[in-house]
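The chains referred to below are lettered A, B, ... by the order of the sequence lines, with proteins before strands, and numbering in each begins at 1. No experiment lies behind these values; they were computed from the predicted model shown.
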Number of protein chains: 2
Amino acid sequence: MSSRQNSPERKKLRMRDIAAQAGVAPITVSRALSSPDKVSPETLKKILEVVQKEGFIPNNVAGSMRATAKVIGTIVPPLINSGIADQVQGMSDACAAHGYQLLLVQGDFSAEAEDKAIMALLGWRPKGLIIQAFVQSKAARKRIATAGVPVVEISEIRGRTPMNLAVGISNFDAAYAMTQHLAGKGYKRIGFVSTPIHGNDRLRQRRVGYRKAIADLGIDQGDLEVEVPITSKGGAAALSILTERDPSIEVIFCSSDLLAFGAVQECRRRGWAIPDRIAIAGFGDMDLASQTYPAITTVRVDRYGMGRSAVDHLLSLAAGETGSGKSVDVGFEIIDRESA
Amino acid sequence: MSSRQNSPERKKLRMRDIAAQAGVAPITVSRALSSPDKVSPETLKKILEVVQKEGFIPNNVAGSMRATAKVIGTIVPPLINSGIADQVQGMSDACAAHGYQLLLVQGDFSAEAEDKAIMALLGWRPKGLIIQAFVQSKAARKRIATAGVPVVEISEIRGRTPMNLAVGISNFDAAYAMTQHLAGKGYKRIGFVSTPIHGNDRLRQRRVGYRKAIADLGIDQGDLEVEVPITSKGGAAALSILTERDPSIEVIFCSSDLLAFGAVQECRRRGWAIPDRIAIAGFGDMDLASQTYPAITTVRVDRYGMGRSAVDHLLSLAAGETGSGKSVDVGFEIIDRESA
DNA sequence: CTGTTAGCGCCTTCAC
DNA sequence: GTGAAGGCGCTAACAG
């Protein structure tokens with residue numbers, strides 16, 4: 001047996017124990033802890049003293065059987081190598097501000113994983129869900145509808161209609177704007193690198209935006225697109241592939257800063273000057289982008305703010321506010337630096 | 001009213017509803033879902049059909065009142081700019097493998113924040129806690145002891161005795177080893193950069209390890225230490241500060257790869273050759289380290305593995321295994337690359 | 001402002 | 001293999 005099991009204070013404290021010691025009814029303890037202003041100052045003081053002295057922590061599980069739990073469930077794609085960590089941070093901060101807890105499960109971009117994760121979360125009867133993409137499978141949508149909980153999707157906001165409400169940017173617009181921006185700086189042959197698009201609407205919309213811009217610009221350059229793994233090594237590989245495919249390529253627009261960073265490092269290895277020999281642009285404005293030398297031209301997206309905003313909107317929905325089908329566009333910004 | 005509220009299936013499903021439809025008692029449904037082998041095949045089949053058809057998801061909250069919840073609580077420092085994301089990933093994967101959920105709250109390195117976070121988690125009566133540092137305050141230790149839940153600390157393993165069990169590395173040893181490694185490569189004047197150490201035992205131990213190595217090596221170099229913010233910009237600043245303080249400094253050992261990266265970029269800006277004009281070493285072996293050019297010499301720590309391991313050990317403890325005071329050293333590795 | 005009553009939905013315990 | 005009873009700890013609803 002481990003030491004924690006023979007510590008003296010092994011009796012489990014309940015509200016009724018605190019109540020008994022304070023000479024009041026259990027419900028009064030409950031009120032003292034959740035709405036102190038409904039209890040007279042003296043009673044409150046006495047109760048809090050006992051709570052403090054005994055180190056009592058109320059059982060949320062039991063409390064959540066009557067009132068709904070102050071828990072928000074969220075599904076996040078793999079955290080590694082992405083800006084998702086910022087979003088989690090934003091959600092976590094917003095939850096803390098409202099006295100909520102974040103129940104986090106991990107999914108990938110597959111519909112099965114999503115469905116499983118949603119089931120796991122709904123089992124806890126959360127106040128709502130935040131999902132880092134569109135809810136994909138019909139089964140999952142139905143489950144959520146049946147459970148009757150609101151959902152905020154952090155996602156591409158173009159095209160599809162969210163279940164309740166989506167928070168995000170138009171990746172299409174952002175990629176379109178960056179492509180136009182690059183053309184405006186005089187680049188003619190513009191390549192596009194992305195990580196595998198499979199099932200990821202955000203990435204798909206970036207590519208579509210890029211293509212639309214190329215078409216609108218009337219540039220005829222053949223196929224200058226490539227998909228690589230989501231690592232900086234992938235960015236390095238993309239540079240090799242594209243410059244081999246078209247040695248006259250002038251700029252590479254990467255669908256993430258990490259890829260852009262990898263491409264920049266590959267140029268270093270080759271001794272290529274940026275942006276003279278080749279220019280590079282990224283997406284996301286990670287800390288990395290501004291600190292790399294040369295600093296990387298990129299699209300700034302406020303992921304932390306998206307996380308916070310998602311929680312705020314979710315709680316509004318949960319409070320009964322209508323949000324059906326709405327999308328909240330948090331916008332983006334082209335950050336022009338030295339790399340392109 | 002939002003659309004989810006007037007969907008037809010608004011009745012909340014309970015086990016008794018499923019039971020009624022299947023013509024059995026509620027307890028049989030419970031058994032069918034949690035220990036199917038205790039129910040006859042026919043009954044099982046019928047029950048699962050109804051469950052499927054109705055989209056029933058059992059209420060974990062209610063279930064957790066009798067059995068303890070399959071939930072692990074964890075406190076993480078700010079996720080941004082750190083390897084913590086890898087650890088969360090590891091914990092999340094391990095939890096999923098055991099059918100557990102991860103309840104995540106955010107703390108910083110202050111004792112008050114830690115105490116608040118611990119209370120919030122304990123309210124959910126989790127199976128155990130994973131904390132990304134030593135449990136600092138006495139109040140918090142007492143709370144945990146009172147609650148009777150096991151704790152795994154992901155932390156520096158040198159010096160202090162963990163409450164139950166710690167998983168981590170000796171940051172002292174790692175920093176000592178790196179400093180010796182640099183000395184072994186012929187560097188004489190070795191600087192040390194860290195982010196603010198305040199309350200962070202891991203960082204402190206790295207500095208102590210560095211100092212010990214400098215002392216053991218008999219190097220007399222005055223004060224070549226500096227603290228900067230935890231950004232790559234901080235690394236750049238450190239380079240400026242240290243080279244100004246001692247122009248003959250030969251190598252800078254950064255307590256994180258991010259800082260090292262910033263220092264490398266600052267060298268680029270100045271046109272300084274690495275490692276000839278100045279050498280740079282990091283800590284952590286982030287993806288960044290191997291992909292920067294020149295690639296950064298660093299200390300590799302398996303953070304993902306630490307996360308997984310923490311969950312596994314926690315579940316062992318929860319199952320009654322003794323672990324009091326033990327530390328699990330996951331080890332580190334010096335990765336020698338081009339930057340130093 | 002305080003208390004009484006009655007569950008929330010499930011699972012442990014004990015029968016059959 | 002299946003079921004009946006009861007309670008986990010808390011709080012909504014309704015008195016007083």
*asked:* Here's a test for you: under side-chain contact (heavy atoms from CB on, under 4.5 Å), which of Val149(B), Val152(B), Val151(B) qualifies with Leu317(B)?
replied: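 With Leu317(B) as partner, Val149(B), Val152(B), Val151(B) yield a single side-chain contact (heavy atoms from CB on, under 4.5 Å), made by Val152(B).
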_Ile27(A) side chain, from C-beta outward: closest of dA12(D), dG7(D), dG9(D)_ = dA12(D)
Can you tell me how far [atom2] of [N] sits from [atom1] of [X], to the nearest Å?
X	N	atom1	atom2	result
Leu122(B)	dG9(D)	CG	P	16 Å
Phe56(A)	dG9(D)	CZ	P	10 Å
Arg66(A)	dT11(D)	CZ	P	11 Å

Could you tell me the separation between the [atom1] atom of [X] and the [atom2] atom of [Y], rounded to the nearest 0.5 Å?
X	Y	atom1	atom2	result
Gln106(B)	Leu102(A)	CD	CG	9.5 Å
Ile130(B)	Ser309(B)	CD1	OG	9.0 Å
Asp17(B)	Lys12(B)	CG	NZ	11.5 Å

*asked:* For DNA chain D, which residues of residues 28-49 of chain A approach it to below 4.0 angstrom with any heavy atom?
replied: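 Ser30(A), in order of number.
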*Leu104(A) and Leu103(B), any side-chain heavy atoms less than 4.5 Å apart*: no
*Are any non-hydrogen side-chain atoms of Val105(B) and Ser92(A) less than 4.5 angstrom apart?*
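No; the side chains remain at least 4.5 Å from each other.
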*Nearest nucleotide by nearest heavy atom, which residue falls closer to the 5' end of DNA chain D, Met65(B) or Pro26(B)?*
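Going by which nucleotide is closer to the 5' end, it is Pro26(B).
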*Derivation and outcome, side chain to side chain donor-acceptor pair (under 3.5 Å), residues Asn164(A) and His313(A)*: CA-CA 10 Å; Asn164(A) 298 165; His313(A) 281 102; over 6 Å; no
*Taking any atom under 4.0 angstrom from a heavy atom of chain B, which nucleotides of DNA chain C are the first and last to qualify, 5' to 3'?*
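It runs dG9(C) to dT12(C).
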*Have a look at Val24(B) and say if it touches a base, only the backbone sugar-phosphate, or nothing, with a 4.0 Å heavy-atom cut-off.*
sugar-phosphate
_Identified side-chain hydrogen bond (donor to acceptor under 3.5 Å, both in side chains) partner of Gln21(B) from the options Lys53(B), Arg16(B), Lys46(B), Glu49(B)_ = Lys53(B)
